[in-house]
2 protein chains.
Amino acid sequence: MFACPITRRPPNMKSNRKESAAADLKRRVLTLECPPGMPLDEVELAQRYGLSRTPLREILQRLAGEGYLTAATNRGASVTSMDLATMRNFFQSAPMIYAAIARLATEQATPSGIVSLKKIQKKFTASVKKHDAGEMSLQNHHFHAQLGEMANSPYLAPSLERLLIDHTRMSHRFYRMSQPPSVTRINQACAQHDAMIAAIERGDPAATVAETIDHWELSRAEMDKYVIPDALPFDDFAHSTNQQV
Amino acid sequence: MFACPITRRPPNMKSNRKESAAADLKRRVLTLECPPGMPLDEVELAQRYGLSRTPLREILQRLAGEGYLTAATNRGASVTSMDLATMRNFFQSAPMIYAAIARLATEQATPSGIVSLKKIQKKFTASVKKHDAGEMSLQNHHFHAQLGEMANSPYLAPSLERLLIDHTRMSHRFYRMSQPPSVTRINQACAQHDAMIAAIERGDPAATVAETIDHWELSRAEMDKYVIPDALPFDDFAHSTNQQV
DNA sequence: TGTATGCATATTGTATTCAATATGGCAAAC
DNA sequence: GTTTGCCATATTGAATACAATATGCATACA
């Protein structure tokens, strides 16, 4: 359907242990179930997914290529770490790539691509209503990954994927918060998704880009708070317990 | 030295058959010795590089992740093809990424990074004087890959790498031409490299970006000619034999 | 007590073997 | 004459067995 040089295309829909193992590993990395820097034991993972070390090692290689893991010779694989040095780069590069992807996705959108995007957005909305933080985070990831597929750019896609990995991991705590202010902002983000879909449908690249910038600014503000959180209230310690730093 | 999440770091300098095999495969792809779309035989490659299929398959996975190869389940790996559909994307995306990398490389350049860049440029200049087309192409690739390393951006690096793969393959014929006009342009490109190094050394990002844009325009013009070559001279067929389309 | 060295153990890397899937040719039927 | 199904062969995928390398601890020496 879409060009995708990395992921292998399953020729049939038979039970694919290898694919599902890779997908589960990705999920665990994105949801911080496997935190940054965590070393991965080959034999443990092989047992967990019911396959031998050989195919599992090939999965690790692939995920390393996609940026989820980092491989070191004779020292195994570990979850790619998120040091502060690269954070600066993240905030520098993300808007440019996101905007470019938004434009290309609008210009090159196909009907089936829009249908997929709407399906994902539906799941995202549902998870927002259910207050399912993990699912929100994952569906938001899928939404933006789908935009990447619709942009149909083999050159920008790999950068987008790497940005999304860290974006999802950083904003994870954002979705976990269920205080009123965060709920409002999550609804805002959800509405922005809808606006992006609408702009794509009417073929208005400038609007999609504008919505994308707004969406980014909202997310960036939240991440700023995570990196540099609000000071704990020093006049009322009772309130500080909910202020998830 | 520099962060590099994909490529495995050899902990010692012992003879590393696996690494050298991967490097040679990359070289063969970049120099079109393995043309786009060429299927790769696992057993043949394993024999060629003197290792068994297991480690060779891991190399193929990695190179697929980096964009050199494309893997299809149960159907083996093949050299990533260059269809005209993606070419459009290439010309759209390349200037943006190249400019961003040029800026970051200037801002984050380290003394050792500049030293490496100069070494590569020295090799490039030498290959230009020796009219060694293959070496020119490879060293030009290394030059820009080194700029990518100096930019030190794990998010933009993967896109730059993919762009460079196809850029190197597309401009390969450019370097093979030894007619006076092309020689002039190759010298121009070489001078632009020098100008970029100078701009980086005096910490002038705007200048590096400007030189990068010029460099891109020069290269783009050449590639345009390859995609839409000059009409063959219809008044003098003797000259047409050298006009490598 | 602090450091260095050697061994035992654990983990990773590679080769070989076996199983699953795809490919191409042949034959039979329409 | 063309097409379709089947079988033989080739190629890929996975598992086991084995080799190489790294890690941690214990011991010896300064």
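Just so it is clear: chains get the letters A, B, ... in the order the sequence lines come, proteins before strands, and each one is counted from 1.
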When all nucleic acid strands are considered with a 4.0 Å heavy-atom cut-off, which category describes L40(A): base, sugar-phosphate, or nothing? sugar-phosphate

| task | Look at all strands and tell whether L60(A) reaches a base, only sugar-phosphate, or nothing, counting heavy atoms closer than 4.0 Å. | result |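 Counting heavy atoms under 4.0 Å across all strands, no contact is made by L60(A).
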
Does atom CZ (R88(B)) have a neighbourhood of more than 12 heavy atoms from anything else shown, all under 6.0 Å?
no

Exercise. Would you indicate which nucleotide in dA15(D), dG13(D), dA22(D) comes nearest to any side-chain atom of R75(A)?
Key: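 That would be dA22(D).
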
Among dA14(D), dT14(C), dA22(D), the nucleotide that comes nearest once only the side chain of P55(B) is considered |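 So the side chain of P55(B) is nearest to dT14(C).
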
Separation of [N] [atom2] from [X] [atom1] (nearest whole Å):
{"X": "E44(A)", "N": "dT12(C)", "atom1": "CD", "atom2": "C1'", "result": "15 Å"}
{"X": "L56(A)", "N": "dT12(C)", "atom1": "CG", "atom2": "P", "result": "10 Å"}
{"X": "Y49(A)", "N": "dA14(D)", "atom1": "OH", "atom2": "P", "result": "16 Å"}
{"X": "Q61(A)", "N": "dT12(C)", "atom1": "CD", "atom2": "P", "result": "13 Å"}
{"X": "E58(B)", "N": "dA14(D)", "atom1": "CD", "atom2": "C1'", "result": "13 Å"}
{"X": "R57(B)", "N": "dT14(C)", "atom1": "CZ", "atom2": "C1'", "result": "14 Å"}
{"X": "E42(B)", "N": "dT14(C)", "atom1": "CD", "atom2": "P", "result": "15 Å"}
{"X": "N16(A)", "N": "dG13(D)", "atom1": "CG", "atom2": "P", "result": "11 Å"}

Check your understanding: How many angstroms lie between atom CD of E33(B) and atom CG of D24(B), to the nearest 0.5 angstrom?
Key ->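 Between E33(B) CD and D24(B) CG, I get 7.0 Å after rounding to 0.5 Å.
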
Could you write out each protein N or O paired with an N or O of nucleotides 16-19 of chain C at a distance under 3.5 Å?
residue: dT16(C); atom: O4; partner: T54(B); partner atom: OG1; Å: 3.2

Point to revise | Side chain S20(B), main chain R17(B), donor-acceptor under 3.5 Å | key: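 Yes.
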
Handout entry: T86(A) (side chain) donor-acceptor with M82(A) (main chain) under 3.5 angstrom
Key = no

Exactly one of R53(B), R57(B), R62(B) clears salt bridge (Lys or Arg N to Asp or Glu O under 4.0 Å) with E58(A), and that residue is R57(B)

*Whether Y98(A) and H167(A) hold their rings parallel, tilted or perpendicular, with breakpoints at 30° and 60°*: parallel

How are the rings of Y175(B) and F124(B) set to each other: parallel, tilted or perpendicular (split at 30° and 60°)? perpendicular

query: Do any side-chain nitrogens or oxygens of K18(A) fall under 4.0 Å of OP1 or OP2 in dA14(D)?
result: yes

